[in-house]
Amino acid sequence: MDIIVHRIRLRESVPRDRFEKWVTEVDYAACPRLSSVASFSVQRIPGEGASAPEYFEVITVSSRDAFVRDTRSETFRQLASEFHGLAEVIERLSGERVGPGYAAA
C-alpha cells in the first residue's frame, strides 16, 4: 500500500462549512468508485487568524500506478474540478508504508 498526503488551503472566498460539507457528502461518497483507494480522510488543521483554514488529506492506495489510472476516470475528473473551485493543494507527500504499521484491534 502507498500513502499520499496533500496539504490543502481553501480558496479565499470559500467558507469552511461549504468545503467540509462537500468533503463529507461528495468526496467521501465517491471513494468506492475509485478502485485503487483503500482509505481516505480529510483532517482540519486547528488554527486561528485571518488566513484561510488549512487541511490535509491522507489517501491509502493499492499502488501509485492504480491511483494514476483512477485519476483518468470521469469520477476523479469531476471531483478534481469541484475541488479546485473550493481549495488548492499546497504541498504533496507520498511514500510506502514501512512494515505493516499498527492499528488497534
Side-chain angles (χ1 to χ4, degrees):
M1 295 276 181
D2 290 333
I3 310 294
I4 301 165
V5 178
H6 292 143
R7 187 169 161 211
I8 299 165
R9 181 179 309 139
L10 297 186
R11 303 249 180 235
E12 225 174 275
S13 62
V14 176
R16 182 178 95 176
D17 292 347
R18 179 175 166 206
F19 176 72
E20 292 182 11
K21 182 176 181 178
W22 179 83
V23 166
T24 58
E25 295 180 3
V26 177
D27 210 9
Y28 289 164
C31 287
R33 297 191 306 272
L34 301 170
S35 62
S36 69
V37 176
S39 68
F40 173 71
S41 64
V42 175
Q43 287 68 224
R44 183 182 327 109
I45 300 171
E48 309 247 345
S51 63
E54 289 189 7
Y55 298 82
F56 65 95
E57 61 184 15
V58 179
I59 312 162
T60 304
V61 297
S62 56
S63 75
R64 287 183 210 154
D65 290 340
F67 185 67
V68 167
R69 283 191 297 276
D70 273 347
T71 65
R72 296 183 191 120
S73 71
E74 181 58 33
T75 296
F76 190 90
R77 285 194 303 264
Q78 181 66 37
L79 288 172
S81 175
E82 293 173 11
F83 172 86
H84 289 296
L86 299 168
E88 63 181 324
V89 172
I90 57 174
E91 185 176 4
R92 293 174 169 81
L93 298 167
S94 64
E96 298 174 10
R97 186 185 321 264
V98 175
Y102 169 80

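For the numbers below, each heavy atom of this structure counts, side chains included, while hydrogens, waters and symmetry mates do not.
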| For the residue pair V68 and R72, what are the closest heavy atoms and their distance? | CG1-NH2, 3.4 Å
| query | Heavy-atom distance under 4.5 Å between the side chains of L86 and R18, does that happen here? | reply | yes
| So if you build clusters from Ile, Leu, Val, Met, Phe, Trp, Tyr with side-chain heavy-atom gaps below 4.5 Å, do I90 and I4 land together? | no
| query | How many angstroms lie between atom CD of E88 and atom CZ of R7, to the nearest 0.5 angstrom? | reply | 10.5 Å
| Once you round to the nearest 0.5 Å, how far does CZ of R9 lie from CD of E91? | 10.5 Å
| message | Is there a side-chain contact between Q43 and E57 in this structure, where contact means two heavy atoms from C-beta onward sitting under 4.5 Å apart? | response | no
| request: May I ask you to test the I59-H6 pair for a side-chain heavy-atom distance under 4.5 Å? | output: yes
| task | Could you tell me whether the side chain of R92 reaches within less than 4.5 Å of the side chain of V5, counting heavy atoms only? | result | no
| Do R44 and E54 meet the salt-bridge criterion of a basic N to acidic O distance under 4.0 Å? | no
| query | For I8 and A87, which heavy atoms make the closest approach, and how far apart are they? | reply | CG2-CB, 3.5 Å
| query | Going hydrophobic residue to hydrophobic residue with side-chain gaps under 4.5 angstrom, can you get from L10 over to V89? | reply | yes
| Residue pair I3 / R97, side-chain heavy-atom distance below 4.5 Å | yes
| field | Residue pair L79 / W22, side-chain heavy-atom distance below 4.5 Å | value | yes
| Residue pairs involving residues 73-96 (criterion ring pair (Phe, Tyr, Trp, His ring centres under 6.0 Å); sequence neighbours excluded) | F67-F76
| message | Within the 4.5 Å heavy-atom criterion, are F40 and V58 side-chain neighbours or not? | response | no
| Under a 4.5 Å side-chain heavy-atom rule over Ile, Leu, Val, Met, Phe, Trp and Tyr, are V14 and V26 clustered together? | yes
Atom pairs and distances, side-chain donor-acceptor, residues 29-36, under 3.5 Å, sequence neighbours left out:
{"unit_1": "S36", "atom_1": "OG", "unit_2": "D70", "atom_2": "OD2", "d": "2.6"}

| field | R64 side chain near E96 side chain, heavy-atom distance below 4.5 Å | value | yes
| message | Please tell me whether L93 and F56 are part of a single hydrophobic cluster in this structure, the criterion being side-chain heavy atoms less than 4.5 Å apart. | response | yes
| message | Whether the side chain of S81 engages the backbone of R77 through a donor-acceptor N/O pair (distance < 3.5 Å, no angle test) should be reported. | response | no
| said: Once ring-ring contact (aromatic ring centres under 6.0 Å, His included) is applied, do any residues pair with F19, and if so which ones, sequence neighbours excluded? | reply: Y55
